[in-house]
Amino acid sequence: MAEKVKRGKDGGEGGVPETGCSRKLRISRRLGELPPYPFAEIDRRVEEKRRQGVDVINFGIGDPDLPTPPHIVERLCEESRRPENHRYPSYRGMARFREAAAQWFQGRFGVSLDPGREVLALIGSKEGIAHFPVAFLDQGDTALVPDPGYPVYRNATILCGGLPVVLPLDEERGYLPDLGALGASLLERARLLFLNYPNNPTAAVADIAHFEELVHYARKYDLIIAHDNAYSEITYDGYQAPSLLEVKGAKEISVEFHSLSKTYNMTGWRVGFAVGGEELISALGKVKTNVDSGVFNAIQLAAVAALEGPQECVRESCEAYRRRRDILVSSLRSLGWEVHPPKATLYLWMRVPRGYDAESFTGELLEKADVVVVPGTAYGAHGEGYVRFSLTLPDDRLQEGAERIRRAFS
Ligand SMILES: *Cc1c(COP(=O)(O)O)cnc(C)c1O
């Protein structure tokens, strides 16, 4: 949990953690610039309710509740018994893993990759995303970060001395960025563009035509694209999410991050991979050789079992989320609230009813229905006016939560 940080006089001068430890202990300016933990106040109120014996239903957590499929767990058990897997893994990932990832990618998106040069194993995609700006930003260099967005893009940029510039995502544009609106001088200055479709938190999706437009801008202004595709497999109603690398000419200037976390319910395992242009992958790899020592071989081999094994488990997970989505959507709609069922991701992003803002509505849901959601502002200022529900609760809990909301607000 992030410590609460007191800003220095000019707002950026280090800051002293409010923990009562030595006053000489001064955190770095960069760390001091990171926003405080956005859920501290909600956590405190949930804790207070639970102490009073109230059963709180939490729609705030984006972590699959379903277990990892047994054939993957089995493979880990076998591989973890082999002494040859007990040593340091290779930095870039086992050849076997990179080949399986390239093969999966080819089958899924029709794009061929050289497993030797264009694939890199990651300790979860968050690790790769957080280290990527270290490879491409110098002090003061600009990265464009979507708002609302996964906080890692912005915070990793700050941690390596870069300057995050907000790329607003608005409902009117389907939460797709309008690069043209940023102006040429900013685009010329920017080095990195973070994207994430299917999107957390808005659940928006982008089609190939949108990716083509973004690649066009990136080539014109010499931007590197970092595309987070963590939700490519969590889709509904026949929708299939594309890869950015399907766009001609995208690979040389892009890295795409993939994760086994959501696809195979493996968030705790910490395994993912980056794919993209050889120079980009090699630079990210160079950063990693200096900060970590790779993914446990037994976990990489279990990931191979996931990528090469039967994929029914993925369809079953999506079916469970779809069922939950429909339960929640119908409850919220019965209150006359405007709800758009997501085509992808684990989330339902909803505009708050008239008379509320993100925070007051979140507070009201907790007080009146004992239900927790995430206020949109936790993902940036442009998340104001929205809340995010996760679909990662067992059906009966989700149903009960939806019913409580219906009763409390009708
Ligand atoms: C869950 C999530 C990830 C995946 O993180 P891992 O480190 O692979 O577990 C990446 N990006 C977004 C937007 C996510 O929501």
Side-chain angles (χ1 to χ4, degrees), residues 38-39 42-69 148 150 198-203 230-231 233-237 259-269 313-335 337 339-353 358 361-376 378-379 383 386-410:
F39 308 114
I42 290 277
D43 282 358
R44 194 191 58 76
R45 286 161 70 181
V46 168
E47 202 36 56
E48 192 179 303
K49 284 227 164 209
R50 291 202 164 131
R51 257 202 316 274
Q52 294 163 4
V54 177
D55 168 41
V56 176
I57 296 182
N58 194 346
F59 284 89
I61 302 169
D63 185 355
D65 57 303
L66 304 165
T68 306
Y150 187 55
N199 184 263
N200 177 13
T202 67
Y231 294 97
E233 306 314 297
I234 309 298
T235 59
Y236 312 113
D237 310 330
S259 171
L260 282 83
S261 288
K262 315 294 167 36
T263 310
Y264 303 103
N265 308 322
M266 291 173 72
T267 48
W269 295 54
C313 54
V314 183
R315 280 189 287 279
E316 282 164 19
S317 297
C318 290
E319 185 50 25
Y321 299 132
R322 187 207 51 80
R323 203 169 55 233
R324 296 168 182 179
R325 174 197 72 174
D326 293 347
I327 293 169
L328 186 59
V329 164
S330 87
S331 273
L332 300 174
R333 277 192 174 156
S334 74
L335 293 162
W337 295 347
V339 187
H340 305 285
K343 277 192 200 157
T345 77
L346 304 172
Y347 312 109
L348 190 138
W349 179 252
M350 187 186 83
R351 192 194 280 277
V352 301
F361 185 59
T362 302
E364 193 87 340
L365 278 173
L366 182 59
E367 289 320 311
K368 284 171 74 168
D370 301 322
V371 157
V372 176
V373 298
V374 184
Y379 306 98
Y386 296 86
V387 292
R388 193 195 78 170
F389 290 84
S390 289
L391 303 173
T392 52
L393 286 84
D395 288 28
D396 57 333
R397 295 292 285 167
L398 179 127
Q399 179 114 44
E400 161 78 16
E403 182 54 27
R404 282 191 199 168
I405 296 170
R406 216 183 46 71
R407 275 199 310 267
F409 287 85
S410 50

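- Taking each heavy atom of Ala344 and Ala203 in turn, the nearest pair found is O-CB, 3.7 Å.
- Checked against side chain to side chain donor-acceptor pair (under 3.5 Å), Arg323 has the following partners two or more places apart in sequence or in another chain: Asp395.
- Between Val372 and Val56, some side-chain heavy-atom pair lies under the 4.5 Å cut-off.
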Side chain to side chain contact (heavy atoms under 4.5 Å, CB included) between Phe409 and Leu365, intermediate numbers included | CA-CA 9 Å; Phe409 287 85; Leu365 278 173; 3.6 Å; yes
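- Applying the side-chain contact (heavy atoms from CB on, under 4.5 Å) criterion to Val352, with sequence neighbours excluded, gives Tyr356, Phe361, Val387.
- At a threshold of 4.5 Å between non-hydrogen side-chain atoms, the residues Phe59 and Leu348 do not count as touching.
- At least one side-chain heavy atom of Asn265 sits less than 4.5 Å from a side-chain heavy atom of Ser317.
- Looking only at side-chain heavy atoms (C-beta outward), Trp349 and Pro148 come within less than 4.5 Å of each other.
- A 4.5 Å side-chain heavy-atom check between Asn58 and Val46 finds every atom pair outside the cut-off.
- Residues forming a salt bridge (Lys or Arg N to Asp or Glu O under 4.0 Å) with Glu319 (at least two apart in sequence, or on another chain): Arg322.
- Side-chain contact between Ile405 and Leu335 is present, with at least one heavy-atom pair separated by less than 4.5 Å.
- Applying the side chain to side chain donor-acceptor pair (under 3.5 Å) criterion to Thr392, with sequence neighbours excluded, gives no partner residue.
- Residues Ala320 and Leu66 share a closest heavy-atom pair of CB-CD1, 4.3 Å.
- For the side-chain contact (heavy atoms from CB on, under 4.5 Å) test, residues two or more places apart in sequence or in another chain that qualify with Arg351 are Glu171, Glu338, Tyr386.
- For Thr263, the side-chain contact (heavy atoms from CB on, under 4.5 Å) criterion is met by Glu233, Val314, not counting sequence neighbours.
- Note: Ile327 CD1 to Leu332 CG = 11.5 Å, rounded to the nearest 0.5 Å.
- Every residue meeting the side chain to side chain donor-acceptor pair (under 3.5 Å) condition with Asp65, not counting sequence neighbours, appears here in chain and number order: Arg324.
- For Tyr231, the ring-ring contact (aromatic ring centres under 6.0 Å, His included) partners at least two apart in sequence or on another chain are Tyr347.
- Within the 4.5 Å cutoff, the side chain of Trp337 has no heavy atoms near those of the Val329 side chain.
- Residues passing the salt bridge (Lys or Arg N to Asp or Glu O under 4.0 Å) test with Lys49 are Glu367, Asp370, sequence neighbours excluded.
- The side chain to side chain donor-acceptor pair (under 3.5 Å) search around Arg50 returns none, not counting sequence neighbours.
- Because its NZ or CZ atom is not both nearer than 6.0 Å to the ring centre of Tyr379 and within 45° of the ring axis, Arg388 does not count as a cation-pi partner of that residue.
- With no hydrogens or angles considered, no side-chain donor-acceptor pair links Asn200 and Thr345 at under 3.5 Å.
- Applying the salt bridge (Lys or Arg N to Asp or Glu O under 4.0 Å) test to Glu400 and every residue at least two apart in sequence or in another chain returns Arg404.
- In this structure a side-chain-to-backbone donor-acceptor pair under 3.5 Å is present from Arg325 to Pro342.
- For Pro375, the side-chain contact (heavy atoms from CB on, under 4.5 Å) partners are Ala358, Thr362, Thr377, not counting sequence neighbours.
- Closest approach of Val374 to Gly60, counting heavy atoms only: CG2-O, 3.5 Å.
- Residue Ser331 comes nearest to Glu403 through the heavy atom pair OG-N, 4.3 Å, listed as atom of the first residue, atom of the second, then distance.
- Lys262 has its side chain within reach of Pro64: a pair of non-hydrogen atoms, C-beta onward, lies under 4.5 Å apart.
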